[in-house]
Asks: 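Starting off with a structure, shown below.
Just so you know, these numbers use all the heavy atoms, side chains as well, and skip hydrogens, waters and symmetry mates. Throughout, residue positions are numbered sequentially from 1 according to the sequence presented. Counting starts at 1 for both ligands and their atoms, in listed order.
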Amino acid sequence: MQAKYSLKILNLSRADFQAKRSLLVDIYISAYRSMPMYAYNKRKSVKSYLDWLYKGDPEGFFITEVGEEIVGFIACHAGWEDYREGKVCEIHEFAVKREFQGKGIGKTLLEKAIEYALLKNHKKITLWVGEGNGRAISMYKKAGFHTLYKAGIWLRMKKEIP
Ligand SMILES: CC(C)(COP(=O)(O)OP(=O)(O)OC[C@H]1O[C@@H](n2cnc3c(N)ncnc32)[C@H](O)[C@@H]1OP(=O)(O)O)[C@@H](O)C(=O)NCCC(=O)NCCS
């Protein structure tokens with residue numbers, strides 16, 4: 001499905017990230033409401049997690065806005081080292097506000113992440129996804145990811161970038 005909204009995808013300066021962090025926590029919590037087993041559930045933990053994501057690769061942290069409202073974000077790390085795959089661009093987190101899901105916004109953010117990996121000269125983009133997260137898994141498969149292996153409740157997925 002194509003996004004029917006006019007979307008802006010932006011990086012945040014450190015100051016903007018700090019100013020908007022509480023909104024990003026709301027988005028994360030709203031996105032995972034139906035899947036608490038795959039998420040941090042305490043605001044404080046989500047806040048620390050977001051700090052870790054942003055600090056890891058500020059350039060790879062993208063938010064998306066509809067009008068003036070932030071409705072989602074994707075956090076990539078272009079300097080990630082995977083113990084099996086070596087250097088990869090890792091998608092650490094990806095969330096779209098619940099009421100904006102299913103409208104093509106996630107797909108647009110994922111395309112941005114792939115574009116970012118290419119820009120950073122990566123040949124591999126990897127991620128972990130909950131084994132029962134059918135929506136995300138189906139999106140990743142459509143985008144060319146395949147499953148490498150399973151670890152507990154998580155699937156490791158990879159996309160080779162031609
Ligand atoms: C996963 C997530 C980021 C996708 O964002 P989104 O804006 O809902 O995704 P899109 O609308 O762009 O849909 C992309 C694909 O997801 C799948 N999808 C979307 N809505 C769906 C639904 N209601 N049922 C099943 N699959 C669905 C489809 O494969 C869709 O592709 P299509 O439009 O070609 O059919 C979002 O659902 C989310 O925040 N989920 C909770 C957090 C999460 O699971 N993050 C991923 C962690 S690895």
Asks: Would you please determine whether Leu127 falls within less than 4.0 Å of ligand 1 on a heavy-atom basis?
Replies: no
Asks: Is there a donor-acceptor contact under 3.5 Å linking the side chains of Tyr54 and Gln18?
Replies: no
Asks: Between the side chains of Tyr140 and Asn133, does any donor sit under 3.5 Å from an acceptor?
Replies: no
Asks: For atom 24 (N) of ligand 1, which of the options His92, Arg135, Lys97, Met139 provides the nearest non-hydrogen atom?
Replies: Arg135
Asks: If you count heavy atoms of other groups shown closer than 6.0 angstrom to NZ of Lys87, is the number above 12?
Replies: no
Asks: Is the closest heavy-atom distance from Met35 to ligand 1 below 4.0 Å?
Replies: yes
Asks: Could you list the atoms of ligand 1 found under 4.0 angstrom from a heavy atom of Ala31?
Replies: 39 (O), 41 (C)
Asks: Quick one: does any side-chain atom of Tyr28 pair with a main-chain N or O of Tyr40 as donor and acceptor, under 3.5 Å?
Replies: yes
Asks: Give the atom numbers and elements of ligand 1 that come within less than 4.0 Å of a heavy atom of Gly104.
Replies: 10 (P), 11 (O), 12 (O)
Asks: May I ask which of Tyr32, Tyr38, Tyr28 has a heavy atom nearer to atom 47 (C) of ligand 1 than the others do?
Replies: Tyr32
Asks: For ligand 1, indicate whether the residue Lys142 contacts it via side chain, backbone, both or neither (heavy-atom separation under 4.0 Å).
Replies: side chain
Asks: Just wondering, are more than 12 heavy atoms of other shown residues or ligands nearer than 6.0 Å to NZ in Lys150?
Replies: yes
Asks: Suppose I only count heavy atoms of Val129 and a 4.0 Å limit; which atoms of ligand 1 are within that range?
Replies: 48 (S)
Asks: At less than 4.0 angstrom from any non-hydrogen atom of Asn133, what atoms of ligand 1 do you find?
Replies: 43 (C), 44 (O)
Asks: Are Tyr149 and Arg84 packed together at the side-chain level, in the sense that at least one heavy-atom pair is separated by less than 4.5 angstrom?
Replies: yes
Asks: In terms of atom number and element, which parts of ligand 1 are under 4.0 angstrom from non-hydrogen atoms of Trp128?
Replies: 48 (S)
Asks: Under 3.5 Å, N or O to N or O, is Ala136 touching ligand 1 that way?
Replies: no
Asks: Touching ligand 1 at all, Tyr140? Heavy atoms, strictly under 4.0 Å?
Replies: yes
Asks: Drop me the distance from Thr108's OG1 to Ile74's CD1, to the nearest 0.5 angstrom.
Replies: 10.5 Å
Asks: Against heavy atoms of Gly102, which atoms of ligand 1 measure under 4.0 Å?
Replies: 6 (P), 7 (O), 8 (O), 11 (O), 20 (N)
Asks: Using a strict threshold of under 4.0 Å (side-chain N to carboxylate O), is an ion pair present between Asp26 and Arg43?
Replies: yes
